[in-house]
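Notes to accompany the following structure.
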Amino acid sequence: MLESNPFQILDQNAPATLKPAVDPSTLNHRDLLDGDFWKKIPAYRDVDQATFLDHKWQAKNTITRPDKLLKALQDLASDAFIKDVEAGFAKAPMAVRVSPYLLSLIDWNNPGDDPLRIQFLPMGSRFLPDHPKLGLDSLGEQADAPTPGLTHRYRDKALFLAIDTCPVYCRFCTRSYAVGLNTNEVEKVSLKANSGRWDQAFAYIASRPELEDIVISGGDSFNLRADWIKEIGVRLLNMPNIRRIRFASKGLAVMPQKVLTDDQWFASLVEVHELGRKLGKEVCFHTHFNHANEITAISQKAITRLFSEGITVRNQSVLIRGVNDTVETMSTLVKRLSYINVHPYYVYIHDLVKGGEDMRTTLQTALDLEKHIRGLTAGFNTPTFVVDAPGGGGKRSAHSYEIYNRETGVSRWEAPSVKPGKSFFYFDPIDQLSEDMQARWADPGEREKMLDELRGLSR
Ligand SMILES: *Cc1c(COP(=O)(O)O)cnc(C)c1O
Ligand code: SF4
């Protein structure tokens, strides 16, 4: 009977096949950190809630030098740790910039393994040599730029780097070629907020009828002044070809206070969103959380303020070794984002960036994770795992490689809709390969041979 009608209700008297009760720890994505957690940091012991929620206080007290880190932490961090971080910054391509909020979320009993420490505070002792195939602008963003700071790689969408500063500097940043202050290691390309440069970008966007979708990034939209948000938003939305714009910002993850207390900035965003609604165009917000510990009750309040205005928020994570490369950490992140109304959109396989080798994972890690994450929750809250193909191939689903040699760690990709007929290569981190293979990569002759094999593969 059942076979002939799959929709038939089962016999009421038959024993119910119940799912076993869940382990309560699998619901811990709902336990958002609340209260005055910052008071454990010696420098913030006397800071009250109103002050801690003030974005201006957060910005003013942001730490930009290793010695200031020591001053804030006092006896919470060991001398050895501070020295290690100083050594890290001397080697790093990114400048330091850590808000009091971020500092308060790090577990100072074990900073070495803390997922936030790993992202923002380099330790000299953890550095691995860069991959020999690494170039500074590994995504080729400058090669695809018709005007300075505008990358037009895909057909109908473009990336506008409006500004070159951020509320935080991330060790894994792909834009370390342009973002942040010059460091010992890198002289940056200048992409300052500048209306002459913007005019050039806008003129180009208006002149290309195929462009419908603009990502406004940087740097970071958090650092765009309220009047700049409005200017950029209004100018783009008034172009007949533009149908969608998104403001991209890591800020929601590192300084949610801004959304709660910078009313002028928030009002500009809402105004642009309203204009979009009137014109029948989408204005949304993309952000960047990498670990559930970055999502607190303060983040939830900030997202709720956006949500109540009808502004969609999506999240793009980077897959980072020691941060979110296990099923447990990634599941909790995805579930917690969904819980506060942020759609997990992408998980990027870590790009090849200078000084970031210790944070990369193999492609295989991404494939395994994706398998476990899919099915966990709603499809629209299930991130797509992507490789941003080095050399300008654009984002490709992690599963869509043409060849993946797990021994050499080399994968080959194609991007017919972006750069037809071209091959792109991604390289797993060398320290994750077998000892034999590590020796091959270390030998210049062997390395050339492997690269020759690759050239043979790419037609
Ligand atoms: C990521 C990106 C976009 C937007 O791509 P989506 O897949 O729509 O998020 C546009 N241009 C460039 C250069 C990008 O890197
Ligand atoms: S916020 Fe974004 S652009 Fe800025 S340093 Fe971090 S990853 Fe790079």
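Ligands are counted one by one from 1 in listed order, and the atoms in each one are counted from 1 as well. Values reported hereafter were calculated over all heavy atoms of this structure, with side chains retained and with hydrogens, waters and symmetry mates removed. Note that the structure is predicted; figures quoted are calculated from it, not measured. Counting from 1, the numbers follow the sequence of the chain as shown.
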(request) Tell me which one of R246, K395, R153, R244 gets a heavy atom nearest to atom 14 (C) of ligand 1. (result) K395
(request) Using a strict cut-off of 4.0 Å, indicate which atoms of ligand 1 neighbour a heavy atom of Y346. (result) 6 (P), 7 (O), 9 (O)
(request) Name all residues meeting the side-chain contact (heavy atoms from CB on, under 4.5 Å) criterion together with T408; count only those two or more places apart in sequence or in a different chain, and write none if there are none. (result) N405, V410, M437, M450
(request) Would you list the pairs meeting ring-ring contact (aromatic ring centres under 6.0 Å, His included) in which at least one residue belongs to residues 382-405, sequence neighbours left out? (result) Y401-Y404
(request) Take H286 and R314 through the side-chain hydrogen bond (donor to acceptor under 3.5 Å, both in side chains) test and state the conclusion after the steps. (result) CA-CA 5 Å; H286 279 203; R314 304 191 186 99; 3.0 Å; yes
(request) Please identify which atoms of ligand 2 are closer than 4.0 Å to at least one heavy atom of K250. (result) 1 (S)
(request) For T151, counting its heavy atoms only, list the atoms of ligand 1 lying under 4.0 Å from any of them. (result) 13 (C)
(request) Could you tell me whether some N/O pair between Y348 and ligand 1 is separated by less than 3.5 angstrom? (result) no
(request) State the atoms of ligand 2, each with its element, that fall below the 4.0 Å cut-off from a heavy-atom position in C166. (result) 1 (S), 3 (S), 4 (Fe), 5 (S)
(message) Give the atom numbers and elements of ligand 1 that come within less than 4.0 Å of a heavy atom of Y345.
(response) 6 (P), 7 (O), 8 (O), 9 (O)
(request) Cation-pi check, R171 to F127: give yes when NZ or CZ is under 6.0 Å from the six-membered ring centre and within 45° of the ring axis, no otherwise. (result) yes
(request) Provide the number and element of each atom of ligand 2 under 4.0 Å from a heavy atom of C173. (result) 3 (S), 5 (S), 7 (S), 8 (Fe)
(message) Checking side-chain polar atoms at under 3.5 Å, does S221 have a donor or acceptor matched by the opposite partner on N223?
(response) no
(message) When you compare the side chains of S125 and D84, does any donor N or O come within less than 3.5 Å of an acceptor on the partner?
(response) yes
